[in-house]
Amino acid sequence: MANVDLQRPRGTQDILPAVTPIWHRVEAAAHRVAQSYGYREIRTPVFEHVEVFRRGVGDATDIVEKEMYEFEDRGGRRLVLRPESTAAVARALQQTSLLSEPPVRLYYIQSHFRYERPQSGRLRQHTQFGVEAWGVPGPLADAEVIALAESLLTDLGLKGLVVRLNSIGCSDCRPRYREALVTYLAGRRDELCGDCQRRLDQNPLRVLDCKVPTCQAVVADSPKPLDYLCETCQTHLAGVEGALSALGITYVRDGSLVRGLDYYTRTVFEIGYDKLGAQSTVCGGGRYDGLMEALGGKAQPAVGFGLGLERLILTLGAEGLVPPEGAAVDAYIAYLGPQLGPEAMRVAQMLRAAGQRVEMEALGRSLKAQLRRAQKLMAPYVVIIGPQELERGVAMVRNMETSAQAEVPIERLAATFAR
RNA sequence: GUGAAUGUAGCUCAGUUGGUUAGAGCACCAGGCUGUGGCCCUGGGGGUCGGGGGUUCGAGUCCCCUCAUUCACCCCA
């Protein structure tokens, strides 16, 4: 503890054996649900050239401006630990022929790195399950990814999460709206909070979801993004909503929903769980038809989302959906006296080969201590290798629940357990 | 990046206006039961009181700095 350099870096966590099971469960569900929608897994490098995110995510975003872990490698390349995966996936697609046969449906489970001020649900290294549908311009694709996220949450037993939906327009109508909003807000600049006065210059759409009451009062009379949507965008939004309704997915229209990454166009959505406090957004996504071009490639429409696994697991905990720890092993091998260690080991191997999870006494402790250990592991059976039994080629098998014991010939142990 | 709270054994926490060797419960180990878990009894190992500096005869207690966690903001998953 004394040496700061030997501590876990700020905003990171060690995921210990007691919690890896819920991670496995969540990851398994993510793989299963994504594949059930025909999505295939992609894995991209942990680090990329800085330009991928500067151009993909946007130079003016917080993520790129002040949260990237940038470094120069020994060859003088400017690299960065990926702060998100969508731009990285787009980059990967440019370098393959996958997109020559759209649609391309992909998913990933990857770590992301951002220099954030840590809080519960906000880490410097966090994991996202993400999904991307490339080469699909129509609104059904937007609805599909939202449905996919919803399926995962339902699969894990979650209820009561709220889907919020909005459209922020396209390259045609967004500038018109932005201009109208800036004109309006500039006229009432002195009524806005300090943050919003800054936002007005940098990212005026963000003023819409400011929580300061005076700002909300100003926003209440402001031009609404939906009023400025061009016909194409309106039709698209209506298409998404129609599909969601057909699927029976409940959502709320939230005209103030804005996302912080520049690449979004038209559809944006979030799925949140309000009991998580300030970090309540579990899933965020939308459409990013302009991303591929921003990265210098041929234009390709796409929709997707990122879903934070740490936050998802916090939510499962808050909802009491983390199952209690089960037995770590099927059998515990106890033995008496150091000379029987090798024989105990041979028995353990036999059972493992037969598909059993087996832990063997490692410290040569008293039988009492070995049984205590077995109990702790919730091992249903203990196989006791002792000199008395070994002479006759048998082992004592103890049922830990009933305390019943029976001698079983060693060569038949595997068959006994396999039933 | 802004504002605030917290930091004592592996865990949850006591620790009176600064005053002798820093405690409890749980956990762990051993013995009681010389080869049998859970209950009980007895004993034991464990702490640079987050770290550094200062005030003082004396600091877990007071002051400063620092690190970490948490909460709100900001942002986002």
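So you know, we letter chains A, B, ... as the sequences are listed, proteins then strands, and number each from 1. What you see is a predicted model; the values in this text were computed from it and never measured. Just so you know, these numbers use all the heavy atoms, side chains as well, and skip hydrogens, waters and symmetry mates.
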- [ ] For RNA chain B, find the residues of residues 301-332 of chain A with a heavy-atom distance under 4.0 Å and give them by number; none if there aren't any.
- [x] A:Gly306, A:Gly308, A:Arg311
Task: Nucleotide pairing, RNA chain B (Watson-Crick or G-U, distances under 3.5 Å), in dot-bracket with [ ] and | - done: (((((((..((((.....[...)))).(((((.......))))).....(((((..]....))))))))))))....
- [ ] Would you mind building the protein contact string for nucleotides 28-35 of chain B? One character per nucleotide, 5' to 3', B for base within reach (heavy atoms under 4.0 Å), S for sugar-phosphate only, - for untouched.
- [x] SSS-B--B
TODO: Check every strand shown and say whether A:Gly194 touches a base, only sugar-phosphate, or nothing at a heavy-atom separation below 4.0 Å.
DONE: nothing
Task: A:Tyr251-A:Glu241 side chain donor-acceptor pair, cut-off 3.5 Å - done: yes
Task: Check ion pair A:Arg176-A:Glu179 (N to O, under 4.0 angstrom) - done: no
Task: Flag for A:Arg352-A:Gln349: side-chain donor and acceptor within less than 3.5 Å - done: yes
Open item on the list: Between A:Asp142 and A:Arg266, does any side-chain N to carboxylate O distance fall below 4.0 Å?
Closed with: no
TODO: Strictly below 4.0 Å, heavy-atom distances to any atom of RNA chain B: list the hits from residues 141-162 of chain A, or just say none.
DONE: none
Open item on the list: Base of B:C75, side chain of A:Arg122 - is there a donor-acceptor contact under 3.5 Å?
Closed with: yes
Task: A:Arg398 side-chain proximity, nearest of B:U36, B:U69, B:A77 - done: B:U36
Open item on the list: Does this structure show an ion pair linking A:Glu270 with A:Arg259, if we count only N-O contacts that are shorter than 4.0 Å?
Closed with: yes
- [ ] Select base, sugar-phosphate, or nothing to describe what A:Arg373 touches, counting heavy atoms under 4.0 Å on all strands.
- [x] nothing
TODO: Keeping to residues at least two apart or across chains, list the ring-ring contact (aromatic ring centres under 6.0 Å, His included) pairs with something in residues 13-59 of chain A.
DONE: A:His31-A:Tyr107
- [ ] Taking only the side-chain heavy atoms of A:Thr281 (C-beta and beyond), determine which of B:U36, B:G1, B:C76 contains the nearest atom.
- [x] B:C76
Open item on the list: Can you tell me which nucleotide in B:C74, B:A77, B:C71 comes closest to the side chain of A:Arg199?
Closed with: B:C74
Task: Cation-pi check, A:Arg124 onto A:Tyr115 ring (under 6.0 Å, within 45° of axis) - done: yes
- [ ] Decide, yes or no, whether a salt bridge links A:Glu325 with A:Arg25 under the criterion of side-chain N to carboxylate O below 4.0 Å.
- [x] no
Task: Donor-acceptor pair (no angle test) under 3.5 Å: A:Arg10 side chain, B:U69 base - done: no
Open item on the list: If you go through the side-chain atoms of A:Gln119, does one of them form a donor-acceptor pair with the base of B:U69 closer than 3.5 Å?
Closed with: no
- [ ] Just jot down the salt bridge (Lys or Arg N to Asp or Glu O under 4.0 Å) partners of A:Arg189, sequence neighbours excluded, or say none.
- [x] A:Asp201
